[in-house]
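Here's a structure for you.
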Amino acid sequence: MSYEPVVGHEAEASDEFATRLKVYEGQRAAVARAGRDPVNAPMIRHWCEAMGDTNPAYSGPDAVAPPTMLQAWTMSGLSGHMRGTHAYDELLGLLDEAGYTSVVATDCEQEYLRPLRPGDEITFDSVIESVSARKTTKLGTGYFVTTRMEIRVGTDLAGTHRFRILKYAPRRREAGRETGREGEPDRRKKPSRPRPVVNRDNAAFWEGIQRHTLLIQRCTGCGTLRHPWLPGCNACGGLDWDSVEASGEGTVYSYVVMHHPPFPAFDPPYAVGLIELAEGVRMIGNVVGVPYDKVRIGLPVRLEFQEYGLEHGLQERDGGLVLPVWRAQEAQQIQEVVA
């Protein structure tokens, strides 16, 4: 996200409002709440099936819950939404009144301190950890609000969950931007495609993509392949890994067709597939080379690398972007026969 400075009287008003928001830091967002259900085997099983996680630690008489389920035990479900404290509701209401009516979740951080087991009953508290200074992003101007939740079993702290949202006022289009001369639609350059989030765990994957190489992470302890890239092995818990290059062959395991919401950098409708690679792991990518309504489960595909914004020999460091996509092989075979 890009940030822009605030100057003059607008800056003074912003500083005064930011001071009012800062008062809420340290106040409670949730107090002594109990999980709707105890930690239980059916929910663990459903989670593991959905994630494709076959770690034996999550089944059997001595099973533990996957650590990444931490937030799941605090959720109240669609019919039992729990409101925040007066302070948290007041903070969000203050932002709404000031015009920051939209909200988007930006990121979360979790820390695991104690394994959760079937039968554990959890309680949790949440605090408003911080409210940022006013930021101007591509979505609009607003404030980042961070809450920190502590999840406990009895008096034992099981983990923490830090959750951050952006409360913002959507950007308004400048006058004349939507039409060109004589009322014709503006054909200005399409906005750049969003970049993937690169962190210390997946940096090697994206470095490979930049070299037009699809790398699969492999545990050096048990040899299990995994995707997406993670700091540890789901099968044996090992932390050491290397990588192998994928063959580029795969099939569509599942897919969705994106129609809405329309994003300026994309051209809906388009198909996004969950691709099962020949090596056995699955990854998400656009399916190309065939109309979106012709994509189907089991469709054979092959890896390609698509470059975005690479003009006049620009490289990634100059603003270009390389992404893996999956070309339908049936369509390619038909084209070769016709040719």
Side-chain angles (χ1 to χ4, degrees), residues 24-92 103-132 143-167 197 199-201 226 228-237 239:
Y24 293 92
E25 291 186 345
Q27 297 193 42
R28 293 290 183 179
V31 180
R33 293 205 174 145
R36 191 171 185 182
D37 298 291
V39 177
N40 61 85
M43 191 178 294
I44 293 173
R45 185 178 68 254
H46 294 325
W47 176 281
C48 290
E49 289 177 352
M51 297 297 179
D53 194 338
T54 59
N55 191 323
Y58 306 145
S59 61
D62 298 320
V64 298
T68 49
M69 288 188 72
L70 185 66
Q71 187 189 17
W73 309 114
T74 70
M75 294 180 174
S76 55
L78 296 176
S79 61
H81 179 66
M82 295 183 292
R83 292 180 58 80
T85 60
H86 175 72
Y88 189 67
D89 291 341
E90 191 175 88
L91 170 60
L92 299 186
V103 61
V104 62
T106 62
D107 62 282
C108 70
E109 303 170 17
Q110 293 184 338
E111 182 180 12
Y112 313 118
L113 303 172
R114 173 199 186 280
L116 296 175
R117 296 179 172 86
D120 284 344
E121 296 186 357
I122 67 105
T123 58
F124 58 94
D125 296 273
S126 182
V127 65
I128 303 169
E129 187 173 67
S130 65
V131 183
S132 75
Y143 296 83
F144 290 94
V145 178
T146 304
T147 55
R148 188 187 73 252
M149 180 184 294
E150 294 186 347
I151 296 93
R152 299 178 182 275
V153 177
T155 58
D156 295 338
L157 181 62
T160 62
H161 175 79
R162 182 176 281 105
F163 191 71
R164 187 172 294 109
I165 64 172
L166 172 64
K167 282 284 287 180
V197 176
N199 56 40
R200 62 184 179 184
D201 293 326
R226 63 181 185 260
W229 285 42
L230 297 169
C233 178
N234 285 330
C236 72
L239 300 178

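Nothing fancy with the numbering, it's 1 onward along the sequence. The basis for the numbers below is simple: all heavy atoms, side chains too, and nothing from hydrogens, waters or symmetry mates.
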Quick one: list whatever passes side-chain contact (heavy atoms from CB on, under 4.5 Å) with N40, sequence neighbours left out.
->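 Listed in chain order: D37, P42, M43, W73.
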With sequence neighbours left out, what residues match Y143 under side-chain hydrogen bond (donor to acceptor under 3.5 Å, both in side chains)?
->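 Y143: no side-chain hydrogen bond (donor to acceptor under 3.5 Å, both in side chains) contacts found.
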Would you please name every residue forming a side-chain hydrogen bond (donor to acceptor under 3.5 Å, both in side chains) with E25, sequence neighbours left out?
->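 For E25 the side-chain hydrogen bond (donor to acceptor under 3.5 Å, both in side chains) partners, ignoring immediate neighbours, are K22.
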Any sub-3.5 Å donor-acceptor pair from S132's side-chain atoms to F144's backbone N or O?
->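 Judged by distance alone, yes, a pair lies under 3.5 Å.
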Would you mind writing out the side-chain donor-acceptor pairs for residues 53-70 within the sub-3.5 Å range, not counting sequence neighbours?
unit_1 : atom_1 : unit_2 : atom_2 : d
D53    : OD1    : N55    : N      : 3.1
N55    : OD1    : A57    : N      : 2.9
N55    : ND2    : N234   : O      : 2.2

Least distance between heavy atoms, L239 atom then G232 atom =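 Scanning both residues, the minimum pair turns out to be CD2-CA, 4.0 Å.
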R162: salt bridge (Lys or Arg N to Asp or Glu O under 4.0 Å) partners, not counting sequence neighbours =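 Partners of R162 under the salt bridge (Lys or Arg N to Asp or Glu O under 4.0 Å) test: E109, E129.
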Can you list the steps and then say if E90 with Y24 is a side chain to side chain contact (heavy atoms under 4.5 Å, CB included)?
-> CA-CA 9 Å; E90 191 175 88; Y24 293 92; 2.5 Å; yes
For R45, check salt bridge (Lys or Arg N to Asp or Glu O under 4.0 Å) against everything at least two apart and list the hits.
->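 So R45 forms no salt bridge (Lys or Arg N to Asp or Glu O under 4.0 Å) with any residue.
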Where A29 and I128 come nearest, the two heavy atoms and their spacing |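 Smallest heavy-atom distance, with atoms named: CB-CG1, 4.1 Å.
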Mind listing the side-chain donor-acceptor pairs of residues 112-125 below 3.5 Å, one per line with the distance, residues two or more places apart or on another chain?
unit_1 : atom_1 : unit_2 : atom_2 : d
Y112   : OH     : Q110   : OE1    : 2.6
R114   : NH1    : D120   : OD2    : 3.1
D120   : OD2    : R117   : N      : 2.9
D125   : OD1    : A32    : N      : 2.6

With sequence neighbours left out, write down each residue that passes salt bridge (Lys or Arg N to Asp or Glu O under 4.0 Å) with D107, or none if nothing qualifies.
->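 R164.
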Could I get the full list of salt bridge (Lys or Arg N to Asp or Glu O under 4.0 Å) partners for R226, not counting sequence neighbours?
->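 Here no residue qualifies.
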Say you draw a straight line from CD of Q71 to SG of C108; how long is it, rounded to the nearest 0.5 Å?
->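 Q71 atom CD to C108 atom SG measures 6.5 Å (nearest 0.5 Å).
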Pairwise distance CD1(I151) to OG1(T160) - rounded to 0.5 angstrom |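 That separation rounds to 7.0 Å.
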Listed once per pair and sorted, the side-chain hydrogen bond (donor to acceptor under 3.5 Å, both in side chains) pairs that draw on residues 149-159, sequence neighbours left out =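 Sorted result for residues 149-159: E150-R152.
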Using the side chain to side chain contact (heavy atoms under 4.5 Å, CB included) rule, take T147 and M149 through it: C-alpha gap first, then chi angles, then the decisive distance, then the call.
-> CA-CA 7 Å; T147 55; M149 180 184 294; over 6 Å; no
